[in-house]
Asker: 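If you scroll down you'll find the structure; I have some questions about it.
Keep in mind that this is a model prediction, so the values were computed, not measured. Letters go in sequence order (proteins before strands), and every chain restarts at 1.
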Number of protein chains: 2
Amino acid sequence: MTDLDIANAAQPLHINDIAEKLHIKTEDLEHYGKYKAKLPLSLIDDKKAQKSKLILVSAISPTPAGEGKTTISIGLNEGFRKLNKSSIVVLREPSLGPVFGLKGGATGGGKSQVLPMEDINLYFTGDFSAIEKANNLLAAMIDNNIQSKTNNLNIDARTVKWKRVLDVNDRALRQIIVGLGGTTMSVPRETGFDITAASEIMAILCLTDNLSDLKARLGRIFIGFTHDKTPIYAKDLKANGAMAALLKDAVKPNLVQTIEGNPAIIHGGPFANIAQGTNSVIATKMGMSLADYTITEAGFGFDLGGEKFLNIKCQSAGLKPEVIVLTATIRALKYHGGKSLEELNIPDTDAVKKGLPNLEKHIENAQKFNIKPIIAINQFTADTDEEIQVIRDFAQQSGIKVAIANVWAKGGNGALELAQDVIETLETTSKDDFSALYKWEQPIEDKIETIAKTIYGASAVEYTAKAKVDLKRIQKLGLNHLPICMAKTQKSLSDDAALRGKPENFSLSIREIEIASGAGFIIPISGNMMRMPGLSAHPAAEQIDIDDKGHITGLF
Amino acid sequence: MTDLDIANAAQPLHINDIAEKLHIKTEDLEHYGKYKAKLPLSLIDDKKAQKSKLILVSAISPTPAGEGKTTISIGLNEGFRKLNKSSIVVLREPSLGPVFGLKGGATGGGKSQVLPMEDINLYFTGDFSAIEKANNLLAAMIDNNIQSKTNNLNIDARTVKWKRVLDVNDRALRQIIVGLGGTTMSVPRETGFDITAASEIMAILCLTDNLSDLKARLGRIFIGFTHDKTPIYAKDLKANGAMAALLKDAVKPNLVQTIEGNPAIIHGGPFANIAQGTNSVIATKMGMSLADYTITEAGFGFDLGGEKFLNIKCQSAGLKPEVIVLTATIRALKYHGGKSLEELNIPDTDAVKKGLPNLEKHIENAQKFNIKPIIAINQFTADTDEEIQVIRDFAQQSGIKVAIANVWAKGGNGALELAQDVIETLETTSKDDFSALYKWEQPIEDKIETIAKTIYGASAVEYTAKAKVDLKRIQKLGLNHLPICMAKTQKSLSDDAALRGKPENFSLSIREIEIASGAGFIIPISGNMMRMPGLSAHPAAEQIDIDDKGHITGLF
């Protein structure tokens, strides 16, 4: 059975019944069909939220199929609920692009999924579309202003940094020329499209608290310079009010359910390789207002999502997680131990051992934030007892708890050990344990170096000539105080996707640096990262179908 | 008070109560908040639909502000309801682009509006976004196939006709070059973006009956040719299943309410200047299944929306309207009589008289389909009794009914005379009266000439060299049997926006001809029409804002 088959076999409750489990009144819900609802921001209760324990689920460096941190997050929530704890899982929304690309859905797997699976993967409540519209309205207003004779801010078209976005894996849009066709059309210039998840508007939505802060952040978006070198922001184009109006519903988090009928909140933010990559502050605070234990996720690996969650989101919103669950698969450890993707089902304790340094580095990284890590082994049927024992031995030597989580096959019943481990650990921790890795006030290059050396294990950082120019621009704009949101491959701790395990003696190479002054961070782009993915030779879209009755197949 | 103020002052009913007025059960609704719901296609009942009287509201050639045909349609429905008739109004969805451009909203005006006004204008239930995604997924799959080494259909990039779409007025995207950046990126080629309403997917959604027909039509979309001149369709890329999956909710019509609490269906299809421009067949049939009188609209003027509604949509779906309500304003008649926009509030019976030939031509056009026209004067406060008398005299001479509709100020009470006129007329008509203007089987050039000469009043049709090549391509592809969906300015009966009134002795100039083989029509582009609008120098977006409590201002 595929994930979609399992999801379709489930008997979901009406969303009113899910809301009731959180003591939310039906009239407070904004329904999107029978199984989805938006929650009003008025349900956020800061006092209650401060008492909720925040649990961050992340992962080691994943195989291309992912480590299953969403599956573990959902399963862990089911486990908490089986133990009669007041808990909630707060996830980021899937991006549509990859659903049609290589990867399929991003709503968990097996018996640890959120429902309705196909809606959440395909379209959901339209948050991404609203973000896309706000992003592209600003772009249109920029080119319109450049073209306009009577309302012209004297923008130098060659300096415009704002890109358009689409939630499609469309590599042909990475580098384009717009505005062709002569004087009645527009001013030709080079630009490009990013994927919607990489839009600064997505980051703004994820980091904001309320509508007036949202509008202020939108106004602070950096556009480019005038011909006389004055910086231009979105507020200079009077674009931020209309953009905020477009986001009026997108800013509200979405309530759905797990296969076992437990509440889940999904809102904002995938892709920690090219974006901040965690769900919204509003969603996390909403979850914390509604439950004693709030489980959230940040990936791909802890080096990307975890680091950004802690240094950007937690520092920005005053959140303090107390436990980090590091998801690992035996498959990934063998992969880091040098085996090919085709060999991962062959039992091989030696390969698992050789892969351990990757896990070890992610544990060390979690500890640098003074938060206790727990290893969750996301169990696969091919895993042998001997292979699992390798990790148990390693964990015992390191003094780290490890739990086998068979949540794909068993749902909450497969996460009881993990849930117990988390609860026990939380009895020994305090919110005040958390310490960020760097201070926002440090110089940009210091912050980049701290992440590169401390988290990735790089020996040095190299900047291209373009990146050096970008650094000067950041200085000139007075944006040195912003935190860092690195774009880096998820496949390696380094910026070279081919280097598995725990790479050493490498330089992190910064190609260029983008400014997200509205979101409030700086984006150094390392290695050959692209902020617009491509489709594979045989895209997943080719297999997706719908029958006369509206049943979808091929979403896996 | 602005339209938004009036809309906000209304006390809307819960959508369940609106559904109840149509005898629809709450559990059949897919809610989108408290005031919007999608209707399942299972509610369409062909037998009931055949008994419903279909009333088409169109207009004379409008001023840039529009003639108010949506306002009249809504007001007329309120009038029917005041007379205790079972009626429904079925409208097309507003396009987001122009909301931020010049025009503001498109949800009626004054006391004849649909609610929630700001939702319907801004984002609604995401239908346009789903269409956009399906359109752009196909585009990405085309460029991906051209780039692919292992799954290559040998498409000649220079022949690709499929464009991307965005629901933004963004003239910089009209002509672009994509695929720059070298061999790992894509194959560079010229292309462009249209506005989403002009997407062939929109037309397919508007003309389809059900999911399997939808999928078949999506598969028939023409893409371009291989290097050895074989035509390529969307089904060759295996794109149609995934595209249909993306449209699974968009295909369902949306139920909302009028200010007076009466049911309204809104679904698909604006912009009859650059697209087919009427709401969906599914929505019209849904309306006809639920009420004895179904009021729908097609504009801008009858020459565009009306002609396409009758020749394309009615012939395709077997619909037979029995009355055409031609909306006219005193303002527009003065405009056609030679007055400038600034002079339209000055009483001037001579100018009204001079503008009558435009009205007369639209009446004559309606009669060519053997359907009885009724003139509805959309009353403005500046209109004088003398000016109105000019139209009354003209109508009497022509034997046409005329009603003054003060629906902006009075809602349904302002449409009682109009509703009575429509009901009286319907007592004398039959569905079998309707006759289409041309047969689909006629040659393409004959069909274009028929529309140009009979409807627009052209003396001849001229084709550019490019259009002649396009005609040969249509011939070669065996698509001669498709009907015509002309792209032409709404500002004039001719293809020259500057020619007001009833232009004569002009040639209709066809610049190029696009193929929409999935939707099932051919798009000759006349004059200097663009299928992607631009923003004005001071876009409406500059005035739009939202406050801390989520109240939007500046949507007018």
Asker: Between A:S186, A:G550, A:A130, A:A242, who has the most heavy-atom pairs with chain B when the cutoff is under 4.5 Å?
Answerer: A:A242
Asker: Would you check if A:D143 and B:R171 make a side-chain contact, meaning some heavy-atom pair closer than 4.5 Å?
Answerer: no
Asker: How long is the gap from CG on A:N240 to CG on B:D545, to the nearest 0.5 Å?
Answerer: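 Rounded to the nearest 0.5 Å, the CG-CG separation comes out at 7.5 Å.
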Asker: Could you tell me which portion of A:M532 (side chain, backbone, both or neither) has an atom closer than 4.5 angstrom to a non-hydrogen atom of chain B?
Answerer: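 For A:M532, there is no contact with chain B at all, as no heavy atom is under 4.5 Å.
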Asker: Counting only non-hydrogen atoms closer than 4.5 Å, does B:N145 touch chain A with its backbone (N, CA, C, O), its side chain (CB onward), both, or neither?
Answerer: neither
Asker: Please say whether more than 12 non-hydrogen atoms of neighbouring residues, nucleotides or ligands are located less than 6.0 Å from CG in B:N154.
Answerer: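 Yes, because the 6.0 Å sphere around CG of B:N154 holds more than 12 heavy atoms from other groups.
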Asker: Relative to chain A, which segment of B:M141 carries a heavy atom at a distance below 4.5 Å: side chain, backbone, both, or neither?
Answerer: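 Looking at B:M141, backbone and side chain both touch chain A.
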Asker: Examine whether an atom of B:R164 lies under 4.5 Å from a heavy atom of chain A, and if so say whether it belongs to the side chain, the backbone or both; otherwise answer neither.
Answerer: side chain
Asker: Are side-chain heavy atoms of A:M530 and B:M185 found at a separation under 4.5 Å?
Answerer: yes
Asker: Determine which pairs satisfy ring-ring contact (aromatic ring centres under 6.0 Å, His included) with at least one residue from residues 170-192 of chain B, sequence neighbours left out, and list them in order.
Answerer: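 Every candidate ring-ring contact (aromatic ring centres under 6.0 Å, His included) pair involving residues 170-192 of chain B fails, so no pair, neighbours aside, qualifies.
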Asker: Out of curiosity, B:L137 CG to A:N169 CG, how far, rounded to the nearest 0.5 Å?
Answerer: 9.5 Å
Asker: Return the minimal non-hydrogen interatomic distance between A:I546 and B:A244, and the atom names on each side.
Answerer: CG2-CB, 3.5 Å
Asker: Please classify the contact between B:T553 and chain A as side chain, backbone, both or neither, with a heavy-atom cut-off of under 4.5 Å.
Answerer: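 For B:T553, no heavy atom lies under 4.5 Å from chain A.
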Asker: So for A:T184, is it side chain, backbone, both, or neither that comes closer than 4.5 Å to the heavy atoms of chain B?
Answerer: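 The backbone, not the side chain.
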Asker: Tell me, for B:L41 versus chain A, whether the close heavy atoms (under 4.5 Å) come from the side chain, the backbone, both or neither.
Answerer: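 Neither part.
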Asker: Taking NZ, NE, NH1 and NH2 as the nitrogens, is one of them in B:E132 or A:K133 under 4.0 Å from a carboxylate oxygen of the other?
Answerer: yes
Asker: Can you tell whether the side chains of A:D119 and B:K248 come within less than 4.0 Å, N to carboxylate O?
Answerer: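 Salt bridge present between A:D119 and B:K248.
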Asker: Return the CG to CG distance between B:L122 and A:L247, rounded to the nearest 0.5 Å.
Answerer: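 CG of A:L247 is found 10.5 Å from CG of B:L122.
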Asker: Keeping B:Y123 on the side-chain end and A:G126 on the backbone end, is there a donor-acceptor pair under 3.5 Å?
Answerer: yes
Asker: Of the non-hydrogen atoms in B:V168 and A:A140, which two are nearest, and what is the gap between them?
Answerer: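 That closest heavy-atom pairing would be CG1-CB, 3.4 Å.
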Asker: Kindly compute the distance separating CG (B:L166) from CG (A:L166), expressed to the nearest 0.5 Å.
Answerer: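 So the CG of B:L166 and the CG of A:L166 are separated by 5.5 Å.
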Asker: Looking at A:A537 and B:T150, what are the two nearest heavy atoms and their distance?
Answerer: CB-OG1, 3.1 Å
Asker: Side chain from CB out, backbone as N, CA, C, O: work out which of these in A:D547 comes under 4.5 Å of a heavy atom of chain B, or both, or neither.
Answerer: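 Contact with chain B involves the backbone of A:D547 alone.
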Asker: Taking atom CG of B:L96 and atom CG of A:L246, what is their separation to the nearest 0.5 Å?
Answerer: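 Here the rounded value is 5.5 Å.
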Asker: For A:I544 and B:A245, which heavy atoms make the closest approach, and how far apart are they?
Answerer: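 Closest pair (atom of A:I544, atom of B:A245, distance): CG2-CB, 3.9 Å.
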Asker: At their closest point, which heavy atom of B:E542 faces which heavy atom of A:L237, and how far apart are they?
Answerer: CG-O, 4.0 Å
Asker: Chain A heavy atoms under 4.5 Å from B:A541: which part of the residue, side chain, backbone, both or neither?
Answerer: both
Asker: When only pairs under 4.5 Å are counted, which of B:S212, B:G534, B:A239, B:A37 shares the most heavy-atom pairs with chain A?
Answerer: B:S212
Asker: Mind ranking B:K36, B:H538, B:Q543 by heavy-atom pairs under 4.5 Å with chain A and telling me who comes out on top?
Answerer: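 Among the listed options, the one with the most contacts to chain A is B:H538.
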Asker: Is it the backbone or the side chain of B:I552 that comes under 4.5 Å from a heavy atom of chain A, or both, or neither?
Answerer: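 Just its side chain gets close to chain A.
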Asker: If I take atom CG from residue B:D127 and atom OG from residue A:S129, how far apart are they, to the nearest 0.5 angstrom?
Answerer: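 Atom-to-atom, B:D127:CG and A:S129:OG are 11.0 Å apart.
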Asker: Decide, yes or no, whether a salt bridge links A:K215 with B:D548 under the criterion of side-chain N to carboxylate O below 4.0 Å.
Answerer: no
Asker: Does A:I177 form a side-chain contact (heavy atoms from CB on, under 4.5 Å) with B:I176? I'd like the steps, not just the answer.
Answerer: CA-CA 5 Å; A:I177 295 172; B:I176 67 174; over 6 Å; no
Asker: CG of A:N528: more than 12 outside heavy atoms within 6.0 angstrom?
Answerer: no
Asker: Need one label for B:Q147: side chain, backbone, both or neither, based on atoms under 4.5 Å from any heavy atom in chain A.
Answerer: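 It is the side chain, since no backbone atom gets that close.
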Asker: At their closest point, which heavy atom of B:V178 faces which heavy atom of A:A172, and how far apart are they?
Answerer: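 What the structure gives for the nearest pair is CB-O, 3.3 Å.
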Asker: Answer with side chain, backbone, both or neither: which region of A:L29 has an atom nearer than 4.5 Å to a non-hydrogen atom of chain B?
Answerer: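 Backbone of A:L29 only, per the 4.5 Å heavy-atom cut-off to chain B.
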Asker: Looking at A:N144 and B:D170, would you say the former's side chain and the latter's main chain have a donor-acceptor pair under 3.5 Å?
Answerer: no
Asker: Looking at B:K34 and A:H31, would you say the former's side chain and the latter's main chain have a donor-acceptor pair under 3.5 Å?
Answerer: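 Flag not set: sc B:K34 to bb A:H31 has no pair under 3.5 Å.
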Asker: Below 4.5 Å from any heavy atom of chain B, which atoms of A:F193 appear? Answer side chain, backbone, both or neither.
Answerer: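 For A:F193, the side chain is the part near chain B, not the backbone.
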Asker: Does any backbone or side-chain atom of A:S536 lie under 4.5 Å from a heavy atom of chain B? Answer side chain, backbone, both or neither.
Answerer: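 For A:S536, backbone heavy atoms alone lie under 4.5 Å from chain B.
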Asker: Relative to chain B, which segment of A:Y32 carries a heavy atom at a distance below 4.5 Å: side chain, backbone, both, or neither?
Answerer: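 Both parts, backbone and side chain.
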